Colleague: 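Below is the structure I would like to discuss, written out as C-alpha cells.
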Amino acid sequence: MGKRNIVIGGAWPYANSSLHLGHIAGLISGDVLARYYRLKGDNVIYVSGSDCHGTPITERAKKEKKDPSEIANHYHEEFSKMFKDLNFSYDLYSKTATEYHKDRVEQLFRKLYDNGYIYEKIEPQAFCEHCNHFLSDREIKLTCPVCGEETKGDQCDKCLHVPTTDELKKGVCIDCGNKTVEKDNKNLYIKLSAFQNAIEEHTKKVNSEWRVNARNETEKYLKQGLLDRAVTRDLSWGVNVPVDGYENKRLYVWIDAVLGYLTNTMKVCEERGLNWEDFWKEGHNNKIYMCHGKDNIMFHSIILNALLMGQEDNYHLVDTIVSAEYLNFNDQKFSKSKGIGMTAIEAIEKYNSDSLRYHLIANGPEKKDTNFTIQDFEATHNSEIVNKFGNLVNRTLKFKGLEELPIGQIDEDIKQEIIKTYENVGSLIEKLEFREAVRKIVELVEKANKFYDDKQPWVAKKENIEEFNNIIYTCAVVIVNLSNLFEPIMPNACAKIREFLEIESPSWEYIEPKANLKLDKVEPLFSRI
C-alpha cells in the first residue's frame with residue numbers, strides 16, 4: 001500500500017473564552033490518530049488553530065471595551081500553551097488572523113467567485129434601529145422553531161437546528177433587546193444548492209466509517225435540500241472580501257475557519273519543502289480526517305467539501321468525520337457563567353497531563369454523551385494508571401537488587417499477546433473506537449501483571465536464577481511494547497520508558513529491549529492522588 005499522506009484537522013476553537021474539558025474530549029481523537037499514523041510510518045500533517053474572527057470575539061470585545069485583536073490574541077496564547085501542555089502534536093497550531101491565512105483564503109474565495117459559485121443578492125435582513133447596524137445570526141436571540149428553546153441565531157445548542165433567514169426575522173437584538181426590523185442589504189451568497197448531488201454521492205461513498213451522529217446530521221441537511229448561504233457580513237474584523245463593492249464587509253467566519261485546514265497544510269509544506277497538493281489533491285494515496293464535537297458536523301461534512309468542490313481543481317474531499325458527543329460535568333452541561341465544570345488550564349495545573357488524556361480517551365463521548373467527575377477521574381488515575389501500568393513498570397524495572405536488565409527468554413504466549421494487541425489496537429483506532437483500543441492495551445497490562453504474580457520472581461530469584469531472568473525479561477518486553485502502544489494515549493510516560501530503556505524512537509511493531517541495560521535511570525512514572 002505504501003506510505004499514505006494523511007491530513008488530520010482539529011476544529012478551530014473560538015478565541016473568546018477559556019476551553020473546558022468538554023472541548024478537549026471533542027478534539028483529542030485528532031491527536032490519537034496523528035500519533036498512531038506517524039507510528040505506522042505514514043506522512044501526517046495535523047493542523048488546527050484559533051478562530052479569531054467570529055462574532056463571539058467581537059461581542060466580548062464590545063463588552064470589555066477592547067479591540068477584537070486583543071481578545072483573540074489573549075485566548076490564542078492561552079490555547080497554544082494548553083495544547084502544548086496536553087501534548088497535542090500539531091504540526092501547526094495557527095490562527096485565522098495571520099496574513100498568510102487571510103491571503104490564501106481570499107485567493108480560494110476569489111476562485112469560487114470566478115467559477116460562478118458566488119452571487120450577489122439584495123434582500124431584507126435583520127436590522128437593529130436602536131444600535132443602527134445589520135445583525136449577524138449570533139447577534140440575534142430567538143425561540144428555536146424546532147424545539148422551543150431560546151437560542152442565538154447561528155445554531156440551536158439543544159437540537160442543532162440552524163435558523164433560516166425568515167426565522168431570524170422574528171428575533172431580537174442581543175445587545176439591546178429590541179425587536180429587529182427588516183432592511184434591504186447587499187450580500188454575496190454561495191450556491192450550496194449546486195453541490196447537492198455531488199455531496200450526496202461523496203457522502204454515500206465514505207460515510208460507512210463515520211459515527212452515527214455524523215451520518216444522521218449530514219443526512220438531515222441533504223434530505224432538506226442544501227440552501228444557498230450568505231458568505232459576507234457587516235463587520236470590520238475578519239478576512240477581506242476580494243470582490244469590488246464589498247470593501248466594508250468581511251467573509252463569514254465559517255468559510256474562513258474551515259479553509260484553515262488547507263492554508264495551514266500549505267504553510268507546513270512550504271516550511272518543510274513538501275508539496276501541499278500531495279495531501280489535498282486526488283491521486284496521492286491520501287486520506288483526510290476532521291475531528292470535532294457534534295455541533296460542528298455539517299461545517300465539515302458539507303460546507304468544507306462544497307468549498308473544495310467549487311475550486312474545480314481535483315481536490316480530495318474529506319473522508320472521515322470524527323464527531324464526538326458531549327462531555328458533561330457532574331451530569332450538567334459545562335457553563336462558565338454558572339460555574340459548572342473545569343477549564344482545561346485548571347485541570348492541567350492540578351493533574352498529570354497523561355492521566356487527563358487517558359481518562360478523556362478511555363471514557364470519551366464517542367457514541368453518547370458521557371459524564372466527567374473528579375471522583376471518577378481520580379479513581380481512573382489510581383486504579384488503572386498507577387496500580388496497573390505504573391506498578392508493572394516499577395516492580396519489574398526496580399526489582400530489589402536489580403542493577404541491569406537480565407538476558408532471558410520471552411514467554412511465547414506473552415509474545416503472541418503483544419503482537420495480537422498491536423493488530424487489535426491499530427484496527428480499533430482506525431475504526432475510531434478509541435475507548436475499546438485503550439481497553440485492549442490495559443488487558444495486556446493486566447495479563448503481564450498476572451504473569452508476574454503467577455511466576456513469583458521473588459521466589460525464582462532465590463531458587464532458579466534462569467527462571468527469574470525469563471520472568472523479568474518477559475515483563476520488560478511487555479513494557480517496551482507498551483511504550484509504543486500507549487504513545488498515542490500517554491506520550492509523556494512513554495517517552496520516560498524509552499529513556500529508561502534506551503529506545504531511540506517509538507514505532508508500531510513488536511520490539512525487544514537491549515540486553516544488559518543499566519536500570520539506574522528508572523523512577524516511578526506516576527504518583528497516587
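These numbers were taken from a predicted model, which means no experiment stands behind them. In this chain, residues are counted from 1 in sequence order.
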Colleague: Answer yes or no: is there a donor N or O on one side and an acceptor on the other, between the side chain of Arg38 and the main chain of Leu33, under 3.5 Å?
Modeller: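 Side chain of Arg38 to backbone of Leu33, a donor-acceptor pair under 3.5 Å: no, none is there.
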Colleague: Any salt bridge between Lys420 and Glu423, counting N to O under 4.0 Å?
Modeller: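 Not counted as a salt bridge, because no side-chain N and carboxylate O are separated by less than 4.0 Å.
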Colleague: Measure the CZ-CG distance between Phe299 and Leu304 for me, rounded to the nearest 0.5 Å.
Modeller: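 Here the interatomic distance stands at 12.0 Å.
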Colleague: Can you see which heavy atom on Gly364 is nearest to which on Thr370, and at what distance?
Modeller: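 Result for this residue pair: O-CG2, 3.7 Å.
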Colleague: Would Asp31 and Arg357 pass as an ion pair if we require N to O under 4.0 Å?
Modeller: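 A salt bridge links Asp31 with Arg357.
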Colleague: When you measure from the side chain of His101 to the backbone N and O of Thr98, does any donor-acceptor pair fall under 3.5 Å?
Modeller: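 Not confirmed, His101 side chain does not pair with Thr98 backbone.
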Colleague: When you measure from the side chain of Asn330 to the backbone of Gln332, do you find a donor-acceptor pair of N or O atoms at a distance under 3.5 Å?
Modeller: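 Not at all, since once roles are kept as given, no pair shorter than 3.5 Å links the two residues.
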Colleague: Can you check whether Leu525 reaches Phe500 side chain to side chain, under 4.5 Å on heavy atoms?
Modeller: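 Yes, their side chains come closer than 4.5 Å.
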Colleague: Closer than 3.5 angstrom, by distance alone: can the side chain of Asn285 be matched with the main-chain N or O of Lys3 as a donor-acceptor pair?
Modeller: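 Yes.
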Colleague: Asp376 side chain to Phe372 main-chain N or O, any donor-acceptor pair under 3.5 Å?
Modeller: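 A pair under 3.5 Å: no.
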Colleague: Is the closest side-chain heavy-atom distance between Ile374 and Tyr351 below 4.5 Å?
Modeller: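 Yes. Closest side-chain heavy atoms under 4.5 Å.
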Colleague: Backbone N or O of Leu317 within a donor-acceptor pair of the Asn305 side chain at under 3.5 Å?
Modeller: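 Pair absent, no side-chain N/O of Asn305 close to backbone of Leu317.
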Colleague: Regarding Glu433 and Arg439, does a basic nitrogen lie under 4.0 Å from an acidic carboxylate oxygen?
Modeller: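 Result for this pair is no, no salt bridge flagged.
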Colleague: State the CG-CD distance between Asn424 and Glu436, to the nearest 0.5 angstrom.
Modeller: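 Result: 9.0 Å between the selected atoms.
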Colleague: Check whether Ser48 reaches the backbone of Gly10 with its side chain - one donor and one acceptor, N or O, closer than 3.5 Å.
Modeller: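 Between the backbone of Gly10 and the side chain of Ser48 there is a qualifying donor-acceptor contact (under 3.5 Å).
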Colleague: Of Phe279, Tyr90, Tyr261, which meets ring-ring contact (aromatic ring centres under 6.0 Å, His included) against Tyr46?
Modeller: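 Per the ring-ring contact (aromatic ring centres under 6.0 Å, His included) rule, the option paired with Tyr46 is Tyr90, out of Phe279, Tyr90, Tyr261.
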Colleague: Is the shortest heavy-atom distance from the side chain of Leu392 to the side chain of Leu482 under 4.5 Å?
Modeller: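 They are in side-chain contact.
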Colleague: Are Lys220 and Glu217 close enough for a salt bridge, meaning some N to O gap below 4.0 Å?
Modeller: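 Glu217 and Lys220: salt-bridged.
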Colleague: So Lys287 and Asn5, do their side chains get closer than 4.5 Å, heavy atoms only?
Modeller: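 No, side chains not in contact.
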Colleague: Hey, could you give me the CG/SG distance between Leu160 and Cys144, rounded to the nearest 0.5 Å?
Modeller: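 Here the interatomic distance stands at 9.5 Å.
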Colleague: In a table with atom names and distances, give each donor-acceptor pair under 3.5 Å that connects a side chain of residues 198-207 to protein atoms at least two apart or in another chain.
Modeller:
| unit_1 | atom_1 | unit_2 | atom_2 | d |
| --- | --- | --- | --- | --- |
| Glu200 | OE2 | Gln196 | NE2 | 2.7 |
| His202 | NE2 | Val318 | O | 2.7 |
| Thr203 | OG1 | Ile199 | O | 2.7 |

Colleague: Quiz question: by atom type and distance under 3.5 Å, do the side chains of Asn371 and Asn328 form a donor-acceptor pair?
Modeller: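 Short answer, no.
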Colleague: Any side-chain heavy atom of Ile24 sitting closer than 4.5 Å to one from Met82?
Modeller: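 Yes, side chains in contact.
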Colleague: Given side chain to side chain contact (heavy atoms under 4.5 Å, CB included), test Tyr315 with Leu262 step by step and report yes or no.
Modeller: CA-CA 11 Å; Tyr315 274 86; Leu262 178 53; 3.8 Å; yes
Colleague: Salt bridge or not between Asp411 and Lys415? Use side-chain N to carboxylate O under 4.0 Å.
Modeller: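 Salt bridge between Asp411 and Lys415, a charged N being under 4.0 Å from a carboxylate O: no.
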Colleague: Using modelled atom types and a 3.5 Å cut-off, is there a donor and acceptor pairing between side-chain atoms of Asn314 and backbone atoms of Lys281?
Modeller: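 Pair absent, no side-chain N/O of Asn314 close to backbone of Lys281.
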Colleague: What are the two closest heavy atoms between Glu78 and Ser18, and how far apart are they?
Modeller: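 In terms of heavy atoms, the two residues are closest at OE2-OG, 2.7 Å.
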Colleague: If only atom types and distance count, is the side chain of His381 paired as donor or acceptor with the main-chain N or O of Ser527 below 3.5 Å?
Modeller: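 Checking the backbone N and O of Ser527 against the side chain of His381, a donor-acceptor pair under 3.5 Å is found.
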Colleague: For a quick check under 3.5 Å, do Glu219 and Tyr221 share a side-chain donor-acceptor pair by atom type?
Modeller: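 No donor-acceptor contact under 3.5 Å links the two side chains.
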Colleague: Would you confirm whether the ring centroid of His300 sits within less than 6.0 angstrom of the ring centroid of His292?
Modeller: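 Under 6.0 Å, so yes.
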Colleague: Which pair of heavy atoms, one from Asn213 and one from Ser323, lies closest together, and at what distance?
Modeller: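 Asn213 and Ser323 have their closest heavy atoms at OD1-OG, 2.6 Å.
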Colleague: Quiz question: by atom type and distance under 3.5 Å, do the side chains of Asp228 and Ser193 form a donor-acceptor pair?
Modeller: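 Yes.
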Colleague: Find the distance between CD1 (Ile429) and OH (Tyr37) and round it off to the nearest 0.5 Å.
Modeller: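 Answer rounded to 0.5 Å: 9.0 Å.
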Colleague: Decide, yes or no, whether a salt bridge links Arg35 with Glu487 under the criterion of side-chain N to carboxylate O below 4.0 Å.
Modeller: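 A salt bridge links Arg35 with Glu487.
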Colleague: Checking His359 against Ile385 for the side chain to side chain contact (heavy atoms under 4.5 Å, CB included) test, could you report, in this order, the C-alpha distance in whole Å, the side-chain angles of both residues, the deciding distance, and whether it holds?
Modeller: CA-CA 9 Å; His359 186 79; Ile385 297 172; over 6 Å; no
Colleague: Check this for me: does any side-chain nitrogen of one of Asp454 and Lys447 sit under 4.0 Å from a carboxylate oxygen of the other?
Modeller: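 So Asp454 does not pair with Lys447 through a salt bridge.
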Colleague: Below 4.5 Å, heavy atoms only, C-beta onward: do Ile6 and Asn286 meet side chain to side chain?
Modeller: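 When only atoms from C-beta onward are counted, Asn286 and Ile6 do not touch, as no gap falls below 4.5 Å.
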Colleague: Salt-bridge test for Arg4 and Asp42: reply yes if a basic N is under 4.0 Å from a carboxylate O, no otherwise.
Modeller: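 So Arg4 pairs with Asp42 through a salt bridge.
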Colleague: Would you call Lys40-Glu509 a salt bridge at under 4.0 Å N-O?
Modeller: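 Salt bridge flag = no for Glu509 with Lys40.
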Colleague: Looking at residues at least two apart in the chain, or sitting in another chain, which of them share a salt bridge (charged side-chain N to carboxylate O under 4.0 Å, His left out) with Glu523?
Modeller: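 Testing Glu523 for salt bridge (charged side-chain N to carboxylate O under 4.0 Å, His left out), a comparison that skips the adjacent residues, returns none.
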Colleague: Answer whether the closest heavy-atom distance between the side chains of Phe434 and Glu366 falls below 4.5 Å.
Modeller: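 Heavy-atom side-chain distance check passes, below 4.5 Å.
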Colleague: Only counting residues at least two apart or in another chain, list the ones meeting salt bridge (charged side-chain N to carboxylate O under 4.0 Å, His left out) with Lys367.
Modeller: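 Not a single residue meets the salt bridge (charged side-chain N to carboxylate O under 4.0 Å, His left out) criterion with Lys367.
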Colleague: Using the side chain to side chain contact (heavy atoms under 4.5 Å, CB included) rule, take Ile57 and Tyr75 through it: C-alpha gap first, then chi angles, then the decisive distance, then the call.
Modeller: CA-CA 10 Å; Ile57 290 132; Tyr75 285 105; over 6 Å; no
Colleague: Which heavy atom in Asn481 sits nearest to a heavy atom in Val477, and how many Å separate them?
Modeller: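 Scanning both residues, the minimum pair turns out to be ND2-O, 2.7 Å.
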Colleague: Any side-chain to backbone donor/acceptor pair from Asp51 onto Pro13? Under 3.5 Å, distance only.
Modeller: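 No, because the side chain of Asp51 does not come within donor-acceptor range (under 3.5 Å) of the backbone of Pro13.
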Colleague: Can you confirm whether Lys388 is buried at NZ, in the sense that more than 12 heavy atoms of other residues, nucleotides or ligands lie under 6.0 Å from that atom?
Modeller: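 Atom NZ in Lys388 is crowded, with more than 12 foreign heavy atoms closer than 6.0 Å.
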Colleague: Enter the distance from Ser383:OG to Asn391:CG here, rounded to the nearest 0.5 Å.
Modeller: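 Between atom OG of Ser383 and atom CG of Asn391 there are 12.5 Å.
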Colleague: Apply the side-chain contact (heavy atoms from CB on, under 4.5 Å) test between Phe486 and each candidate in Val445, Asp354, Ile497; give the one that qualifies.
Modeller: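 Of the listed residues Val445, Asp354, Ile497, the side-chain contact (heavy atoms from CB on, under 4.5 Å) partner of Phe486 is Val445.
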Colleague: For the CD1 atom of Ile489 and the CZ atom of Phe389, what is their distance to the nearest 0.5 Å?
Modeller: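 Going from the CD1 atom of Ile489 to the CZ atom of Phe389 covers 11.0 Å.
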Colleague: I need the single residue from Trp12, Phe79, Phe83 that forms a ring-ring contact (aromatic ring centres under 6.0 Å, His included) with Tyr93. Which is it?
Modeller: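 Testing each of Trp12, Phe79, Phe83 against Tyr93, the sole residue satisfying ring-ring contact (aromatic ring centres under 6.0 Å, His included) is Phe83.
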Colleague: Show the numbers, then the answer: is there a side chain to side chain contact (heavy atoms under 4.5 Å, CB included) between Ser17 and Arg60?
Modeller: CA-CA 9 Å; Ser17 65; Arg60 181 151 195 160; 3.6 Å; yes
Colleague: Angle class for the Trp508/Tyr36 ring planes (parallel below 30°, perpendicular above 60°, tilted otherwise)?
Modeller: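 Rings of Trp508 and Tyr36: perpendicular, as their planes differ by over 60°.
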Colleague: Search all heavy atoms of Cys52 against all heavy atoms of Lys95 and return the closest pair with its distance.
Modeller: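 Closest approach of Cys52 to Lys95: SG-CB, 3.7 Å.
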Colleague: I need the minimum non-hydrogen distance between Val44 and Asp91, along with the two atoms involved.
Modeller: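 Val44 and Asp91 have their closest heavy atoms at O-OD2, 3.5 Å.
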Colleague: I'd like to check Trp210 versus Thr218 (side-chain heavy atoms, cut-off strictly below 4.5 Å). Are they in contact?
Modeller: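 Yes; the side chains approach each other to less than 4.5 Å.
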